[in-house]
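The structure under discussion appears below in the form of structure tokens.
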There are 2 protein chains.
Amino acid sequence: MYSQAEENYLKAIYTLEKEKIGFISTNNIAKKMQTKASSVTDMLKKLDAKKLVVYERYKGAYLTVDGAKEALKVIRKHRLWELFLVKKLKFKWDKVHDIAEQLEHIQSEELINSLDAFLGFPKTDPHGDPIPDRNGTVVHEKGLSMLKMKVGQSGILKGVRDSSKAFLQYLDKKNLSLGDKIKVVDIEPYDESIHIETKTHRLSVSKHVANNLFLQPKKK
Amino acid sequence: MYSQAEENYLKAIYTLEKEKIGFISTNNIAKKMQTKASSVTDMLKKLDAKKLVVYERYKGAYLTVDGAKEALKVIRKHRLWELFLVKKLKFKWDKVHDIAEQLEHIQSEELINSLDAFLGFPKTDPHGDPIPDRNGTVVHEKGLSMLKMKVGQSGILKGVRDSSKAFLQYLDKKNLSLGDKIKVVDIEPYDESIHIETKTHRLSVSKHVANNLFLQPKKK
DNA sequence: TTTAATTTTTAGGTTTGTCTAAAAATATAT
DNA sequence: ATATATTTTTAGACAAACCTAAAAATTAAA
Ligand SMILES: [Mn+2]
Ligand SMILES: [Mn+2]
Ligand SMILES: [Mn+2]
Ligand SMILES: [Mn+2]
């Protein structure tokens with residue numbers, strides 16, 4: 001049984017490892033955790049002692065197999081709770097993250113597995129992120145970034161890279177939701193902004209936005 | 001926003017005040033909280049400083065209006081989560097308390113009110129305890145203790161005084177559930193044990209058990 | 001390759017909530 | 001009323017998780 005703080009560090013390191021392999025630096029973790037580097041050093045020593053990370057002075061740390069397993073448990077809980085909030089309690093997708101940050105620390109195998117069953121053993125959370133199963137197995141096909149799509153190609157919006165409140169609200173405003181069929185109709189050479197088309201409307205999104213959208217390309 | 005420890009103390013004092021009016025003693029609180037009297041003294045000073053209790057040296061403490069309000073918020077959350085676990089996740093009534101002890105500390109007005117709506121604004125939890133509404137209003141008609149019933153009288157089992165795992169499992173074993181219609185058929189003069197009859201079976205319960213059962217008497 | 005800038009660690013504190021042991025106050029018994 | 005027992009408080013420590021400021025190590029620049 002690990003403390004909330006420990007769980008949060010493991011989760012942070014796990015997500016940082018998705019972006020960059022090898023040792024994750026103290027400052028990097030500090031930034032993600034909104035804390036000070038000195039606090040991170042303290043915690044890394046503790047997690048190393050518990051064999052959840054490998055920590056080396058002045059290099060940083062990476063998760064051990066046990067550490068990654070723990071991180072995935074927390075992520076599983078986080079995503080199941082987010083889905084519960086959206087699917088059962090009718091929360092908007094931009095309102096669930098903060099509450100899930102609390103719920104992810106509830107300790108009960110039975111609870112989380114019952115919740116999983118209650119939701120019908122879902123594969124993805126409200127932002128398109130995969131939900132690890134009870135064994136910690138996680139599939140990671142979030143789709144292809146919209147940036148990689150060619151003109152004329154279309155696909156289903158499967159997920160977002162950035163699930164910040166701001167980005168989610170931007171998508172709401174533009175009437176884009178997971179599951180929408182989107183076609184790339186044109187790419188502006190000047191700024192690489194992308195003209196897209198859904199069943200109901202057309203619009204243009206910046207390169208930055210396109211980078212944060214994952215599509216499952218339609219094979220024709 | 002109060003800490004989990006503070007919330008637990010408030011809840012403990014609240015329930016102790018149901019049993020005994022006036023100052024609640026340090027030792028009494030320590031016993032309920034499974035902690036040491038010295039720790040309680042520390043906490044009572046803190047809660048007094050925050051105007052959640054009135055604490056007097058060598059006398060004990062009682063809740064202020066604000067303190068009682070906070071306690072009721074926690075109790076509301078506890079009971080709604082217990083009901084969620086039973087009604088939606090199919091937990092048995094003897095398995096929900098410990099998990100609710102964790103869930104009751106999740107901080108989100110929106111969450112708890114959505115959960116309330118999701119459950120259909122229930123009036124009672126799985127043990128027959130009343131659920132305070134969002135304004136903190138709580139009805140407390142749990143019914144009449146079975147001890148007070150006369151021979152020949154019958155009523156509906158509405159709640160339990162003791163919701164320990166042991167007692168709940170005893171009731172399961174004896175096939176007694178909330179909602180059952182129960183008739184007092186005889187009272188043994190020797191030990192005051194009570195012979196009762198339900199729709200499906202007859203049995204005898206001790207005075208101690210009868211004291212822990214609340215019935216809503218049938219008016220004929 | 002020195003020097004300067006950045007990153008990381010250490011040293012020493014703080015807050016929260018707990019504990020043990022001893023002192024003080026209150027309650028009970030003779 | 002005095003002695004004894006019980007309860008409660010104080011004093012001093014401790015662990016977890018954080019902080020600031022200074023020292024040490026590493027990296028980048030001149
Ligand atoms: Mn999230
Ligand atoms: Mn968290
Ligand atoms: Mn309970
Ligand atoms: Mn209950």
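Values below: every heavy atom of this structure, side chains too, minus hydrogens, waters and symmetry copies. A note on names: the letters A, B, ... follow the listed sequences, proteins ahead of strands, and every chain is numbered from 1.
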Before you tell me yes or no, could you show the steps for B:Val205 and B:Tyr170 under side chain to side chain contact (heavy atoms under 4.5 Å, CB included), namely the whole-Å CA-CA distance, both residues' side-chain angles and the distance that decides it to 0.1 Å? CA-CA 11 Å; B:Val205 300; B:Tyr170 164 86; 3.7 Å; yes
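- One distance of note links CG of A:Leu171 with CG of A:Leu157; it measures 7.5 Å at 0.5 Å rounding.
- In this model, the phosphate group of D:dT10 is approached by a side-chain N or O of B:Lys45 to a distance below 4.0 Å at OP1 or OP2.
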Produce the list of close N/O pairs, under 3.5 Å, pairing protein atoms with atoms of nucleotides 24-28 of chain D; give distances to one decimal.
residue : atom : partner : partner atom : Å
D:dA25  : O4'  : A:Tyr58 : OH           : 3.3

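- For residues 112-139 of chain A, the set of pairs meeting the side chain to side chain donor-acceptor pair (under 3.5 Å) definition, not counting sequence neighbours, comprises A:Arg76-A:Asn113, A:Arg76-A:Asp116, A:Glu82-A:His127, A:Asp129-A:Lys142.
- An OP1 or OP2 oxygen of D:dT10 is reached within less than 4.0 angstrom by no side-chain nitrogen or oxygen of B:Thr41.
- The nucleotide whose nearest atom lies closest to any side-chain atom of A:Ser39 is, among C:dT10, C:dC19, D:dC18, D:dC18.
- A:Glu70 has no carboxylate O lying under 4.0 Å from a charged side-chain N of A:Lys11, or vice versa, which leaves the two without a salt bridge.
- Across all strands, A:Ser38 comes closer than 4.0 Å to base atoms (heavy-atom distances).
- Between C:dT9 and A:Tyr55, a contact under 4.0 Å exists linking OP1 or OP2 to a side-chain N or O.
- Applying the ring pair (Phe, Tyr, Trp, His ring centres under 6.0 Å) test to residues at least two apart or on different chains, the pairs with a partner in residues 95-116 of chain B are B:His78-B:His97.
- Between A:Leu47 atom CG and D:dA16 atom P the separation is 12 Å, expressed in whole Å.
- Sorted by residue number, the members of residues 3-25 of chain B with any non-hydrogen atom under 4.0 Å from DNA chain D read B:Ser25.
- Rounding to whole angstrom units, CG of residue A:Asp42 and P of C:dT10 are separated by 9 Å.
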Hey, what are the protein-to-nucleotides 1-6 of chain C N/O distances that come in under 3.5 Å?
none

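- The side chain to side chain donor-acceptor pair (under 3.5 Å) contacts involving residues 30-40 of chain A comprise nothing, where partners must be two or more places apart or lie in separate chains.
- Going from atom CD of B:Glu56 over to atom P of D:dT9 covers 11 Å, rounded to whole Å.
- Figure legend: cation-pi geometry between A:Lys88 and A:Phe118, with NZ or CZ positioned under 6.0 Å from the six-membered ring centre and within 45° of its axis.
- Counting to the nearest Å, the C1' atom of D:dA15 and the CE atom of A:Met43 are 12 Å from each other.
- In summary, the aromatic rings of B:Phe84 and A:Phe84 are positioned with their centroids under 6.0 Å apart.
- Under the 4.0 Å criterion applied to side-chain N and carboxylate O atoms, A:Lys50 and A:Asp66 are not assigned as salt-bridge partners.
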Verify side chain to side chain contact (heavy atoms under 4.5 Å, CB included) between B:Leu85 and B:Leu83, making sure each step is shown before the conclusion. CA-CA 5 Å; B:Leu85 293 173; B:Leu83 187 63; over 6 Å; no
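- DNA chain D is contacted by both B:Leu44 and A:Lys50; B:Leu44 maps to the nucleotide lying nearer its 5′ end (nearest heavy atom per residue).
- Closest to the side chain of A:Lys36, from the set D:dT20, C:dT18, D:dT9, is D:dT20.
- Using a 4.0 Å cut-off between charged nitrogen and carboxylate oxygen, B:Glu104 and B:Lys77 do not count as a salt-bridge pair.
- Of the residues near DNA chain D, B:Gly60 and A:Thr35, the one whose nearest nucleotide (by heavy atom distance) lies more toward the 5' end is B:Gly60.
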Could you check B:Val74 against B:Tyr2 for side chain to side chain contact (heavy atoms under 4.5 Å, CB included), going step by step and ending with a plain yes or no? CA-CA 11 Å; B:Val74 182; B:Tyr2 301 103; over 6 Å; no
